[in-house]
Peer 1: 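One structure follows; several queries about it will come next.
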2 protein chains.
Amino acid sequence: MASPESACAMADMNPDTQSIPFLESLARLVRYHSLIMTSTAKSGHLTSSLSAADLMIGLVFGGTFRFDVDDPAHPNNDRLIFSKGHASPLFYALWKAAGCISEEELLTYRRFESRLEGHPTPRFPFAEAATGSLGQGLGIGLGMALSASRLDRLPYRTYVLLGDSEMAEGSQWESIQIAAHYGLANLVGIIDVNRLGQRGATMLGHDVEAYARRVGAFGWKTLVIDGHDMPQILDAFREAAAERSGPVMIIARTVKGKGISFLEDADGWHGKALDEEQTRRALAEFGDVDREMRGRISAPENLRPERARTQAASAPHYELGKSVATREAYGAALKRIDAKFPQLVSLDGEVSNSTKADEFGKKDPGRFFEMFIAEQNMIEVALGLALRGKLPFVSTFAAFFTRAFDQIRMSQYSRANLKFVGSHAGVSIGEDGPSQMGLEDIAMFRSILTSTVLDPCDAVSTDKLVETAAAHDGIVYLRTMREGTPVIYGNDETFPIGGSKVLRESDDDRLTIVAAGATVHEALKAHEELRRDGISVRVIDAYSIKPIDADTLREAAAATGAIVTVEDHYPAGGLGEAVLSALADRPVPVTILAVNKTPMSGTGEELRDYTGISAGRIVETVMRLADQLVPPTRSLRSH
Amino acid sequence: MASPESACAMADMNPDTQSIPFLESLARLVRYHSLIMTSTAKSGHLTSSLSAADLMIGLVFGGTFRFDVDDPAHPNNDRLIFSKGHASPLFYALWKAAGCISEEELLTYRRFESRLEGHPTPRFPFAEAATGSLGQGLGIGLGMALSASRLDRLPYRTYVLLGDSEMAEGSQWESIQIAAHYGLANLVGIIDVNRLGQRGATMLGHDVEAYARRVGAFGWKTLVIDGHDMPQILDAFREAAAERSGPVMIIARTVKGKGISFLEDADGWHGKALDEEQTRRALAEFGDVDREMRGRISAPENLRPERARTQAASAPHYELGKSVATREAYGAALKRIDAKFPQLVSLDGEVSNSTKADEFGKKDPGRFFEMFIAEQNMIEVALGLALRGKLPFVSTFAAFFTRAFDQIRMSQYSRANLKFVGSHAGVSIGEDGPSQMGLEDIAMFRSILTSTVLDPCDAVSTDKLVETAAAHDGIVYLRTMREGTPVIYGNDETFPIGGSKVLRESDDDRLTIVAAGATVHEALKAHEELRRDGISVRVIDAYSIKPIDADTLREAAAATGAIVTVEDHYPAGGLGEAVLSALADRPVPVTILAVNKTPMSGTGEELRDYTGISAGRIVETVMRLADQLVPPTRSLRSH
């Protein structure tokens, strides 16, 4: 695929483009561009870009890095991720130095609608992923390295530029452990040890040996270098690229602000652009800069992954009325659809015998990745895999996805195709108690602007929605339950995203109960009890919480005049508020039943009753409301 | 304070109660109890408890641990935290062995309403904190150790029992880095290296030396022992307690299921209770167990922290109309109230020059704790401090609190008194782009059942609400902004939690605009523009998003008939849905304006307009609605 950038022409093939003097000049060029960009924008992280310039020039243009500049999507390109995403000026300057973007475009840095955002996102075609929340790049790179070595079997390497401050983030050490465990020899980290964080020195300052001891203790090969000595830099990258047994960390002693004397190693300049006078002084130090010079990047081997054949999936076969845990249905669904979605991979956080992802793992061990008790890295890895065209299904307890909310949040800015499956939803899990209960997961995933949120109540709908999620492009969250629930749907039923199922209705419905997951069954029990008391209610299974079936809700609101929502989830941001939002312009009274007390241990039944979401509580609520409600009138508002 | 437990009598003072044979018998007793508890409850983590029994008996009853069993709240008690909270059977059995709870109560394990929950919470008076989400205990312990050495200047030690699986959690390595950085010699970790995780072996198995290399590389003293050899255990704890220069990690090689032969080192038993027949076999292995035996715990020195004097705080003094960033007001407020709240401490994640917590840090350096770029540990530390009676104000960018949502979630189960202050709210931060923007923080904090959520729009309300938050017991979240906003309140104004301010109202209001933070100022601009067009609207500053001022909202709804909400936040779970929830039983049409597109770089003004929350967008919305709305009628519903 040819790049749309006509400017992305091949640089001069003169072998001098890899000489030390040439590379040092190129480094001066990207420093110059970083200065001009940030001074023009009057914001941006200049000193953080200056410290890494020599490292990145050495990597990208020194002969090791292999990338088809006319085809940023080439499957065998080496990958470069700026985990220290705030060094975006340097990042964009690199690609300008490659001839891929113009100098004019550099001046649009941080401007509204520019591709060159303050922190890189894939709106810029050479950014592998959106970064900017520190400590996530190494895990994303790990995902890409896994994709290369274990799935696509391509020889490309993934390079991740890391800041020293962000090495405090625990997520990095999750990635470090797991990259070593997986023996990923195609992953190279580069720590830009420039000593200074945002406000003062980092914990280790310039103690590069301390970083080497720490990273080395986890089984990585470590190479300690002077990050401004181009021959050392080139040697290190050559050595890293020759590594066959495991991941490599280049630990580079650098100077923050390197290249502008009054900024070098000086505290207080983080995230600051220079004013006019300071810019003039800095430019004077640069002297003449050849702004036309271009670096050469070696092309990758033209290898592509094998195209896997897809096969149609069988149909599920569940027996109506049988009690099946939806988490079991999840594992079974993965197995059922594995040939239809050959890019599907499963990642789990050491709870696969609980989430039932282990079922898929037993069938397709090459496509299952144990990610251990390290949820942040797990989501970062999933993102890396998704960006390489895989279809990751990530599972753990619903509650434990909160451990990786920042990673989930960031993944939306990479426009990732990711599926999250959270088991052990709600108080219904029983005796393990609240630390294990997902009670805010619906709210969390709804808050992601582009997400889809699904909460199926039985095995059939779970199975179908797993397949639907796989076919849907974007972030999807699906909730599963620990205990068995009765199969209530036929195997031929379909469950479109944005749909719902009206399970009970009559012409005399006094109100509508909207439920999802465990509470659908509570609602059905309540319906039965109310019917015996002569009260008819509509019951809707809102398995698609986002997008929610606003049309059906409106219809029910108009027909029955009032709604009671019930969810195994805390009150804020969940099903109830989703229903309120859907009806906001044409509202009817809504009563939200949700977990209204801090739970404890107990059986699922005891806890549902204690926290206000059981069949008994629904009946009480409906009885109380039935006294108050009058039939709806139509002439409320002009339309 | 005497313990309510009359059973918590002093054990026999016979020196034999610290002999090896006695301790080994006590270990057999707690193993016995762990078995009976889980078999009776038919659930619970037996094998995880069995592996740590000798370690914990050796610690608690071997003479090192100092605890007043009649006064679990004694300020100089040593602290014991089970980071591997699922080993709760062992935890409760220890306190039964100390004579503090009865054998009968042990049989209530995991039952509804029992104090002995599946994972410990402070409903059990000897549990320091709620644990159960792995990887958080070491940070909580770090917080307690900081409290002891840096604030209360008491000599107690904090011991944290860690599982080996949970060492994969990055949060542990944040704690390990920071404990070493702070040179905390009063913190002791114990890793129960039993080789087996939930589903198979851990990454390192029984390679205790690998753990020692890793932890040692971060500067901790490491002691590798056989976790079932009581003399080694006692020696290790003696050595750890004598340590003066930094934290100590005891790395114990153990056997999962130790003490019941058919469980020892066998995979597949994690989280499983034994059935009747298996229980009988296991009991036969135990033989005779003296269920009356009690261990002795040494009492602590009767030292208490100095009681700090409180002083009244001055009043704030802001000039009406002046542009002040609410984040600046935050820093100033901390300084203003520091003497009124002598237990107040500030923690920040290396962005204190951005959050302005550094203002407090400069004034009270002994009460400011740099927590580096490691948000998970920061929240864990804050919890530890709060549980020791301190008043932590934790600050970072609003967006980065998502990094610690699991820690925030868990803190509610410890009933902690914690204040979270998130700066850089919304698209209004401008050019840095979405990775730095808090757009889901209101939803996240609202989802915590017991939280308070505040979003002040100017310096005065921010200042007052910081003081109010300090005086309020519970989890409070307060949002601040990067850019200056005009001071609109007088210095005498009060801002009760659950209140709001009606900023503009008339008898002809066509609808009500409800806003918070940046959008209050957009709403005021819109009000002005609409007024010129002859349209009156009410404007409410809903600075208290949770609890929200339902009364004022109802009044406005009844008087004006429709509401438009505006927030610098994504649509789900925020201000708009909070308003909907407040009016759910007596609704009027509500239009939610929120950030409706993925943001990018740009100025705050450009981005507010682009994403639908600017004054211009509010005006457009009101104009569109004004055509549609009819005056409200009162006879909608019977009350």
Peer 1: With a 4.5 Å cut-off on side-chain heavy atoms, are Val351(B) and Arg199(A) touching?
Peer 2: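 Of all side-chain heavy-atom pairs linking Val351(B) with Arg199(A), none is under 4.5 Å.
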Peer 1: Who among Glu166(A), Glu375(A), Met371(A) has the most heavy-atom pairs with chain B under 4.5 Å?
Peer 2: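 Max contact count across the listed options: Glu375(A).
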Peer 1: Could you tell me which of Ser133(A), Gly349(A), Ala130(A), Ala443(A) has the largest number of non-hydrogen atom pairs under 4.5 Å with chain B?
Peer 2: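 With the most close heavy-atom pairs to chain B, the winner is Ser133(A).
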Peer 1: Just wondering, do Ser581(A) and Leu580(B) contact through their side chains at under 4.5 Å, heavy atoms?
Peer 2: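 A side-chain contact exists here, since the closest heavy-atom pair is under 4.5 Å.
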Peer 1: If you tally heavy-atom pairs under 4.5 Å against chain B, which of Pro434(A), Gly602(A), Gly118(A), Gly132(A) wins?
Peer 2: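 Highest number of heavy-atom pairs under 4.5 Å: Pro434(A).
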Peer 1: Looking only at heavy atoms and a cut-off of under 4.5 Å, which of Ile448(A), Leu449(A), Ile563(A), Ile176(A) has the most pairs with chain B?
Peer 2: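 Heavy-atom pairs under 4.5 Å are most numerous for Leu449(A).
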Peer 1: Tell me whether Arg409(A) contacts the main-chain N or O of Ser435(B) through its side chain, where contact means a donor paired with an acceptor under 3.5 Å.
Peer 2: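 Side chain of Arg409(A) to backbone of Ser435(B): a pair is present.
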Peer 1: Rounded to the nearest 0.5 Å, how far apart are CD1 of Ile442(B) and OG of Ser447(A)?
Peer 2: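 Here the interatomic distance stands at 11.0 Å.
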Peer 1: Run the numbers on Gln436(B) and His86(A) for side-chain contact (heavy atoms from CB on, under 4.5 Å), then give the verdict.
Peer 2: CA-CA 10 Å; Gln436(B) 318 290 302; His86(A) 52 287; over 6 Å; no
Peer 1: Can you tell which of Gly44(B), Ser43(B), Ala578(B), Ser354(B) has the highest number of heavy-atom pairs within less than 4.5 Å of chain A?
Peer 2: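 Most heavy-atom pairs within the cutoff with chain A belong to Ser354(B).
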Peer 1: Using a cut-off of under 4.5 Å on heavy-atom pairs, state which of Ala572(A), Gly573(A), Gly433(A) scores highest against chain B.
Peer 2: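 Result: the option with the highest number of such pairs is Ala572(A).
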Peer 1: Just so I know, are the side chains of Leu204(A) and His181(B) near enough to count as touching, which here means a heavy-atom distance under 4.5 Å?
Peer 2: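 Side-chain contact under 4.5 Å: no.
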Peer 1: Top residue by heavy-atom pair count (under 4.5 Å) with chain B, among Met203(A), Glu174(A), Glu440(A)?
Peer 2: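 With the most close heavy-atom pairs to chain B, the winner is Met203(A).
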Peer 1: Counting C-beta onward and ignoring hydrogens, is there a side-chain heavy-atom pair between Tyr570(B) and Gln412(A) closer than 4.5 Å?
Peer 2: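 SC-SC contact between Tyr570(B) and Gln412(A) confirmed.
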Peer 1: For residues Glu606(B) and Glu113(A), determine if any side-chain heavy atom of one lies less than 4.5 Å from a side-chain heavy atom of the other.
Peer 2: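 No, every pair of side-chain atoms sits at 4.5 Å or beyond.
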Peer 1: Glu350(A) versus His270(B): any side-chain heavy-atom pair under 4.5 Å?
Peer 2: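 Heavy-atom side-chain distance check fails, nothing below 4.5 Å.
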Peer 1: Nearest heavy-atom pair of Ser171(A) and Arg403(B): which atoms, and what distance?
Peer 2: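 Heavy-atom minimum between the residues: OG-NH2, 2.9 Å.
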Peer 1: Would you say Arg111(A) and Glu431(B) make side-chain contact, with heavy atoms under 4.5 Å?
Peer 2: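 Arg111(A) vs Glu431(B): side chains apart.
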